[in-house]
Amino acid sequence: MTGHTPIGDRKRGVGDTEKAVRAKLGDTPVRHEARAAVAAIYRAAAAVRQHFENSVLRAVELSWTSFVVLWVVWIWGEMETRRVAEEAGISKGTLTGVARTLQGRGLMERSPHPSDGRLALLTLTPEGEKLMAQVFPQFNAEESFVTDPLSDDENLHLADLLRRIVVQVETHGESRRLELLNGQDPRPRRSGRRPKAPDHGG
């Protein structure tokens, strides 16, 4: 035994990843500052989500998405399903499954829209209100934990920078997508699975 650990088996930090990316791309014309910023956003979001789902949310058997849906309806009150999906940043199909699960747990109610039968409304049950009042202080304690390396001013500055990115995408994203796709609608997403081979059996 040499004691050597293959590089694929070692846990890599942010600095290691940055060095590897720059080495791989070499002279490829890339705005490294923009790439590093987006990569950091993704990595931070994934790390934070994993931490919450493995701690405070696991204790109450909620996924990140379920909590966000509950949060949206808790804050804004009764809402149309399409608006809940928009505020939570998920598709209407994903919301349907999440809402069904929350209904099954007695945390959320779905009711028809009083003037438009095509629409539905979501609201929290008393049990859902109780759960959110109980869990949010614990959730906020973890928000404080993950941002502990930052000062209050740095937290506010970070929040402002991220809001500016959100505004950029919300304001100009659609025109940019149309430009990239030559004005065509995006194709439906593929699952990544290989299509099934045709069954030629008799």
Side-chain angles (χ1 to χ4, degrees), residues 5 7-26 28-79 83-91 94-95 98 102 107-108 122 124 128-177:
T5 303
I7 192 163
D9 294 337
R10 295 202 298 263
K11 185 173 178 62
R12 295 180 293 278
V14 176
D16 296 326
T17 301
E18 284 299 311
K19 290 178 184 177
V21 169
R22 286 180 179 269
K24 183 69 175 180
L25 293 176
T28 304
V30 171
R31 287 188 60 192
H32 284 286
E33 295 80 8
R35 181 203 54 75
V38 172
I41 291 170
Y42 173 81
R43 190 160 183 166
V48 168
R49 177 171 179 159
Q50 184 177 53
H51 172 74
F52 278 78
E53 288 194 325
N54 288 335
S55 57
V56 62
L57 296 183
R58 176 167 291 187
V60 290
E61 299 182 333
L62 290 175
S63 67
W64 176 272
T65 304
S66 295
F67 174 81
V68 171
V69 169
L70 286 171
W71 164 264
V72 167
V73 182
W74 187 50
I75 293 298
W76 294 106
E78 187 176 66
M79 291 181 72
R83 293 286 295 125
V84 175
E86 289 172 5
E87 290 288 335
I90 58 178
S91 69
T94 297
L95 175 63
V98 170
L102 295 173
L107 302 174
M108 181 169 281
L122 294 177
L124 295 193
E129 293 276 352
K130 179 180 176 182
L131 176 65
M132 288 301 292
Q134 166 199 328
V135 78
F136 184 70
Q138 301 167 22
F139 188 93
N140 183 244
E142 297 315 303
E143 290 178 318
S144 297
F145 166 76
V146 300
T147 59
D148 188 60
L150 307 180
S151 68
D152 287 347
D153 285 343
E154 287 173 328
N155 273 314
L156 293 174
H157 184 53
L158 175 62
D160 180 63
L161 293 175
L162 293 174
R163 286 191 196 101
R164 285 159 61 183
I165 291 175
V166 171
V167 169
Q168 165 70 4
V169 175
E170 290 182 344
T171 304
H172 304 292
E174 180 63 22
S175 61
R176 176 65 170 172
R177 289 189 291 273

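Two residues are said to be in side-chain contact when any heavy atoms from C-beta on lie closer than 4.5 Å; L122 and L95 meet this criterion. Annotation: side chain of L124 is not in contact with side chain of L107 (no heavy-atom distance under 4.5 Å). For the pair V166 and E170, the minimum side-chain heavy-atom distance is below 4.5 Å. With a 4.5 Å cut-off on side-chain heavy atoms, V98 and L102 count as touching.
Heavy-atom minimum distance, Q134 versus Q138: O-NE2, 3.4 Å. When all heavy atoms of F52 and V146 are compared, the pair lying nearest together is CE1-CG1, 4.3 Å.
Side-chain atoms of E154 come within 3.5 Å of backbone atoms of S151 as a donor-acceptor pair (strictly under, hydrogens ignored). Looking at N140, its side chain never comes within 3.5 Å of a backbone N or O of F136 through a donor-acceptor pair. When atom types are taken as modelled, the side chain of S175 and the backbone of H172 share a donor-acceptor pair closer than 3.5 angstrom. Checked by atom type and distance alone, the side chain of T147 never pairs as donor or acceptor with a backbone atom of L150 at under 3.5 Å.
For the atom pair CG (L156) and CG (D160), the distance works out to 9.0 Å, reported to the nearest 0.5 Å. In this structure, the separation between CZ on R163 and CG on L158 is 9.5 Å, given to the nearest 0.5 Å. Atom OG of S91 sits about 12.0 Å away from atom CD of E86, to the nearest 0.5 Å.
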Next on the checklist: Before you tell me yes or no, could you show the steps for E53 and R58 under side-chain contact (heavy atoms from CB on, under 4.5 Å), namely the whole-Å CA-CA distance, both residues' side-chain angles and the distance that decides it to 0.1 Å?
Outcome noted: CA-CA 6 Å; E53 288 194 325; R58 176 167 291 187; over 6 Å; no

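When the shell of 6.0 Å around NE2 of H51 is examined, it contains more than 12 heavy atoms from other residues, nucleotides or ligands. Shown here is E143, whose CD atom has more than 12 heavy atoms of other residues, nucleotides or ligands within 6.0 Å.
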Ignoring hydrogens and angles, write down the donor-acceptor pairs under 3.5 Å from the side chains of residues 65-79, residues two or more places apart or on other chains.
unit_1	atom_1	unit_2	atom_2	d
T65	OG1	R49	NH2	3.4
S66	OG	S63	OG	2.9
W74	NE1	E129	OE1	3.2

